Visitor: 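Attaching a single structure in structure tokens format; questions to follow.
The structure displayed is predicted, hence computed values, not measured ones. Remember, it's 1-based here, ligands and their atoms both numbered in the order they're listed.
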Amino acid sequence: MNKFKYYFILLITTVSLFSCSKDDTAEITPPREFAVQYATDLNDIEEYLKDYYIEDVSPDVDTKITKIPTGGSQPSIWSYLDNTTFPKLLSREVMLHDITYKLYYLVLREGVGQSPSNTDRVLTAYNGEYLSRTKVADVETLAPTFFEESTNPQQFFNLTSTIVGWGECFPQFKTGTYSSNADGTISYENFGAGVLFIPSGLAYFNSGSANIPSYAPLVFSIKLYEINRVDSDNDGIPNYLEDVNGDGYMRVLPTGVPNPDDTDGDGIPNYLDTDDDGDGISTRKEITDANGVLIPFASIPACDGNTTDPARIKRHLVKCN
Ligand SMILES: [Ca+2]
Ligand SMILES: [Ca+2]
Ligand SMILES: [Ca+2]
Ligand SMILES: [Ca+2]
């Protein structure tokens, strides 16, 4: 009996808690439509590209972006669109949220080392700003606001965990060279450097983040110092060697959409598929020696015996004998 009484009281309390919270909660605004917000963001980004110029690029590729003064003759960032020499303002198409985003990025320097795939980890210095419009005396202006920077990065970011815009742009840059200093620090040179102009749908969209308001397009100046290769499915083959079409990008695509990086067509791209060719034997087991001992990646022989050729793994997977 007591037990029933207890449950009854608990039930009443629960119901009143729920009804209480329902009454007190402000109406939640549904997120904006991606396509509508994208149109606004693209307009803001293109206006920024046309109204601002790269004032200064230091030898260390620190950028200073400034608004072109009235009557000024400075070349806008836009003037570098599809330039054949650096700086180059380029763009990528990104299919997401049932729309095709145009993602602009400025390459100041390409770099001389390796490019990450969109599933690798990067060590990058960066400076982040968001774009917003403010109205003063009925005059609306678009302006950047600084929110965060990292000048001496210590932490690698996995591009699958960062904003989509980073994962889409970083494979377009390469690392450089580095040397150790007597005081234990590292100097980076000749690295890829540029500026990314990211619509909010490829960034934080309606959620915002720390100092970033919701629906804010972002501008990141970046310097790619180092990369870490990732082996997501732990089969001994780094992701970038499971990028079958070699475009630097690997994705999980909706059911029915052909995926160029999915050898057996089971819907799981190779970099996440522990059995790439779908023969029932895990890839990891297929790269063992005669005694079943896993062959270290670097020493896996290729059909042609060239162990330095990255394509050797692909050949191995198509059952070279
Ligand atoms: Ca792998
Ligand atoms: Ca690919
Ligand atoms: Ca597969
Ligand atoms: Ca297999």
Side-chain angles (χ1 to χ4, degrees), residues 90-97 100-103 105 110-111 113-122 156-175 192 196 202 224 226-289 292-303 306-320:
L90 304 172
S91 66
R92 287 182 53 71
E93 288 191 341
V94 180
M95 259 82 84
L96 196 68
H97 308 135
T100 303
Y101 287 95
K102 193 169 199 181
L103 176 55
Y105 60 98
E110 195 174 22
Q114 291 189 307
S115 292
S117 79
N118 68 328
T119 62
D120 284 325
R121 299 166 79 229
V122 295
F156 281 80
F157 290 109
N158 191 317
L159 292 175
T160 58
S161 313
T162 58
I163 55 171
V164 176
W166 272 36
E168 291 296 329
C169 287
F170 270 95
Q172 301 299 318
F173 294 88
K174 293 174 182 164
T175 56
L196 322 179
L202 302 179
L224 179 56
E226 283 189 65
I227 64 172
N228 254 186
R229 296 299 190 184
V230 174
D231 177 9
S232 294
D233 58 1
N234 194 31
D235 64 357
I237 305 171
N239 292 354
Y240 79 108
L241 293 180
E242 302 209 62
D243 173 17
V244 180
N245 69 353
D247 66 352
Y249 296 85
M250 286 150 273
R251 310 170 197 284
V252 177
L253 298 177
T255 312
V257 178
N259 191 330
D261 300 322
D262 178 9
T263 300
D264 60 5
D266 67 350
I268 306 168
N270 289 15
Y271 83 104
L272 296 173
D273 195 338
T274 52
D275 177 14
D276 296 334
D277 56 4
D279 66 352
I281 303 162
S282 73
T283 308
R284 201 177 173 91
K285 282 193 180 135
E286 290 173 313
I287 48 174
T288 53
D289 66 15
V293 177
L294 192 69
I295 303 173
F297 167 70
S299 59
I300 293 169
C303 301
N306 179 3
T307 55
T308 59
D309 176 5
R312 67 195 185 279
I313 304 298
K314 286 179 199 162
R315 286 198 293 277
H316 203 86
L317 289 174
V318 292
K319 300 261 185 246
C320 61

Visitor: Which pair of non-hydrogen atoms, one from Tyr101 and one from Leu96, has the smallest distance, and what is that distance?
Guide: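 Smallest heavy-atom distance, with atoms named: CE1-O, 3.6 Å.
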
Visitor: Has the side chain of Tyr249 got a donor or acceptor atom that lies under 3.5 Å from a matching backbone atom of Ser117?
Guide: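 Side chain of Tyr249 to backbone of Ser117, a donor-acceptor pair under 3.5 Å: no, none is there.
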
Visitor: Is the terminal nitrogen or CZ of Arg251 (NZ for Lys, CZ for Arg) located under 6.0 angstrom from the six-membered ring centre of Tyr271 and within 45° of that ring's axis?
Guide: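 No, cation not above the ring by the 6.0 Å, 45° rule.
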
Visitor: Going by side chain to side chain donor-acceptor pair (under 3.5 Å), name the residues that satisfy it together with Asn158, two or more places apart in sequence or in a different chain.
Guide: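 Checked Asn158 against side chain to side chain donor-acceptor pair (under 3.5 Å); matches are Thr160.
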
Visitor: At a cut-off of 3.0 Å, what protein N/O/S atoms sit near the Ca ion (ligand 2)?
Guide: Asp243 OD1, Asn245 OD1, Asp247 OD1, Tyr249 O, Asp261 OD1, Asp261 OD2

Visitor: So, Asn270 versus Thr263: side-chain donor-acceptor pair below 3.5 Å or not?
Guide: yes

Visitor: Check Asp235 and report its N/O/S atom nearest to the Ca ion (ligand 1), by atom name.
Guide: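 Going through the N, O and S atoms of Asp235 one by one, OD1 ends up nearest to the Ca ion (ligand 1).
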
Visitor: For Pro260, run the side chain to side chain contact (heavy atoms under 4.5 Å, CB included) check against Asn245, Val244, Asp243 and tell me which one passes.
Guide: Asn245

Visitor: Evaluate the criterion side chain to side chain contact (heavy atoms under 4.5 Å, CB included) for residue pair Arg121 and Leu159; output intermediate values, then yes/no.
Guide: CA-CA 6 Å; Arg121 299 166 79 229; Leu159 292 175; over 6 Å; no

Visitor: Quick one: side chain to side chain donor-acceptor pair (under 3.5 Å) partners of Asn239, sequence neighbours excluded?
Guide: Thr119, Ser232

Visitor: Is it possible for you to check whether Arg229 lies under 6.0 Å from the centre of the six-membered ring of Tyr240, through NZ or CZ, and within 45° of that ring's axis?
Guide: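 Relative to the ring axis of Tyr240, which defines the angle, Arg229 lies inside both limits.
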
Visitor: Does Leu241 put an N, O or S atom under 3.0 Å from the Ca ion (ligand 1)?
Guide: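 No, outside the cut-off.
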
Visitor: Has Asn118 got a side-chain atom pairing as donor or acceptor with Met250's backbone, closer than 3.5 angstrom?
Guide: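 Yes: the side chain of Asn118 pairs with the backbone of Met250.
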
Visitor: Around the Ca ion (ligand 3), how many protein N, O or S atoms are there at under 3.0 Å?
Guide: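 Protein N, O or S neighbours of the Ca ion (ligand 3) under 3.0 Å, waters not counted, come to 5.
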
Visitor: Look only at the side chain of Asp275 and the backbone of Gly280, and say whether a donor-acceptor pair between them is shorter than 3.5 Å.
Guide: yes

Visitor: If you have a sec, read the angle at the Ca ion (ligand 1) from Asp233 atom OD1 over to Asp231 atom OD1, to 10 degrees.
Guide: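 Once rounded, the angle between the two atoms at the Ca ion (ligand 1) is 80°.
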
Visitor: Tell me, which N, O or S atom in Glu242 is closest to the Ca ion (ligand 1)?
Guide: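 Going through the N, O and S atoms of Glu242 one by one, OE2 ends up nearest to the Ca ion (ligand 1).
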
